[in-house]
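What follows is a single structure, written as structure tokens, with notes after it.
Just so it is clear, the structure is predicted and the values come from calculations on it, not from any experiment. The basis for the numbers below is simple: all heavy atoms, side chains too, and nothing from hydrogens, waters or symmetry mates. Letters A, B, ... mirror the listed sequences (proteins, then strands); counts begin at 1.
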Protein chains: 2
Amino acid sequence: MERREVMVGKTRARVLTAARELLLLKDFSGFSMEAVARRADVSRLTLYYQFKSKAGLLEALYDHIARRGKMEQLADVFRHGSDPLATLHDYIRVFANFWASDRGAIRRLHGLASIDPDIGKGLQARNERRRQGVQTIVERYSRVYPALSSARKAIVIDTIQMLTSFETFDALAGSSRNMDDVVSIIQEHVHHAVGYAGKAPL
Amino acid sequence: MERREVMVGKTRARVLTAARELLLLKDFSGFSMEAVARRADVSRLTLYYQFKSKAGLLEALYDHIARRGKMEQLADVFRHGSDPLATLHDYIRVFANFWASDRGAIRRLHGLASIDPDIGKGLQARNERRRQGVQTIVERYSRVYPALSSARKAIVIDTIQMLTSFETFDALAGSSRNMDDVVSIIQEHVHHAVGYAGKAPL
DNA sequence: TTGTAATTATACATACTGTATGATTAATAT
DNA sequence: ATATTAATCATACAGTATGTATAATTACAA
């Protein structure tokens, strides 16, 4: 089991690359199992064999994009036991980098997720994991700055979740705004979100 | 030309109601021209006659929802020449009411819009009109509070546009948060957005 | 060498979109 | 009252999509 796995990996990668390219075309109706197969120079049946269904293929594509967008960095953000506010800033930066890494494709995948429950399930799970991350940070934060009342905690978490979402990033990035600016706008607002509930943390 | 227009109006309303109901079903794949026609007790051909295409039907559905969501109120917000900050608050409330008026359907329509350019075009036009509204308010605001530098104006407009978007509302409303709370969270952040660029306006 | 995983070929059932052609019903105009 | 026209419907067709079934083929692995 070696050469074989490599071959399979290459086939899957070729398919996922083709799928991503077709996902970005203006005319999304051009995205079909048949078209992806043709572009990847693979039989349509191979797609079903490897990914089960269209939803399965798109799920795998999201994973693919997450890997390419360096989402592993997220683990490090939590490992370093630094200032919770710094953690929050790093957290925002990691996600902004991810969202920016393949904006068009992610936008389409999110659109599909809100329509097809099969695809939506995977994204929902991701969102819950994201929420857990936010919660962990806020928890640490409220230990250092106890002024954050527990009644406000839920609001703060939801607000940060919203501010670090793809949709927020996408709206702020617009057609040309540079990413560091977007990150600092988001950081500003997250800072405000945790700040207005208690004392100013800086 | 009277009785006839009434009949057509009734037919269209019945179709749009059926379309909205099917749009809300978990399994969105059940949404098809055929299914809508069946549910509205109308021939499939009538749908094409009345709405041209699937995209046309969904466009009309968005209009339908906008009417039901009392979006006409928006005009009044601008007519009253009151304090720009009050205008902003009213503006936020009108949109929150609209987003809340048919959250599930709007979520699906926005999902479809990010996939199908035919549908997306209509929503993009709406967003541009929404942006114009924000711009007008910010313009009025910066006349009263000149501390808002023109360099920041673009950022402020984009931020408000983001904060008043459906996606922001949807994220903050979550599964159960009461709407007045959502509105005041958004107002808080919009206030911060216009405030941090210049002097505090209140 | 034998078994097995991966890919492919062909075919089929089912469903949807959009269009064409023409019939039918009912309101409107003259 | 009759002719006209708008709205609806029936049938049919072309094109394309998904997903599954069956079986053949290729190439790696035990």
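- Within the structure, the salt bridge (charged side-chain N to carboxylate O under 4.0 Å, His left out) test picks out the following pairs touching residues 37-61 of chain A (sequence neighbours left out): A/E21-A/R39.
- Between A/R93 and A/D90 there is no salt bridge, since none of the side-chain N atoms of the basic residue sits less than 4.0 Å from a carboxylate O of the acidic one.
- Nearest-nucleotide mapping onto DNA chain C: of B/M7 and B/A35, the residue sitting toward the 5' end is B/A35.
- Here ring pair (Phe, Tyr, Trp, His ring centres under 6.0 Å) pairs that include residues 38-88 of chain B, with residues two or more places apart or in two chains, are B/Y62-B/H110.
- A donor-acceptor contact under 3.5 Å links the side chain of B/R4 to the base of D/dA6.
- The nearest pair of heavy atoms linking B/V138 to B/L148 is CG1-CD2, 3.9 Å.
- For the contact set between residues 41-61 of chain B and DNA chain D, defined by any heavy atom under 4.0 Å, the members are B/V42, B/S43, B/R44, B/L45, B/T46, B/Y49, B/Q50.
- B/E5 places its CD atom 13 Å from the P atom of D/dA6, with the value rounded to the nearest Å.
- Among pairs with a residue in residues 94-105 of chain A, those fulfilling salt bridge (charged side-chain N to carboxylate O under 4.0 Å, His left out) read A/R20-A/D102, A/R68-A/D102, A/R103-A/D170, at least two apart in sequence or across chains.
- No side-chain heavy atom of A/Q135 sits less than 4.5 Å from a side-chain heavy atom of A/K153.
- Residues from residues 108-121 of chain A placing a heavy atom under 4.0 Å of any atom in DNA chain C do not occur.
- For B/R3 and C/dA27, a side-chain-to-base donor-acceptor distance below 3.5 Å is absent, hydrogens and geometry of angles not being considered.
- Counting heavy atoms from C-beta on, the side chains of B/V42 and B/Q50 never come closer than 4.5 Å.
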### Task
Could you walk me through whether A/F98 and A/I106 pass the side chain to side chain contact (heavy atoms under 4.5 Å, CB included) test, one step at a time?
CA-CA 10 Å; A/F98 172 44; A/I106 293 172; 4.0 Å; yes
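- Heavy-atom distances under 4.0 Å link DNA chain C to no residue of residues 9-31 of chain B.
- Under 3.5 Å, the side chains of A/T164 and A/R130 contain a donor-acceptor pair of N or O atoms.
- Between B/V8 and the choices B/K10, B/R12, B/E5, the side-chain contact (heavy atoms from CB on, under 4.5 Å) rule is met once, by B/R12.
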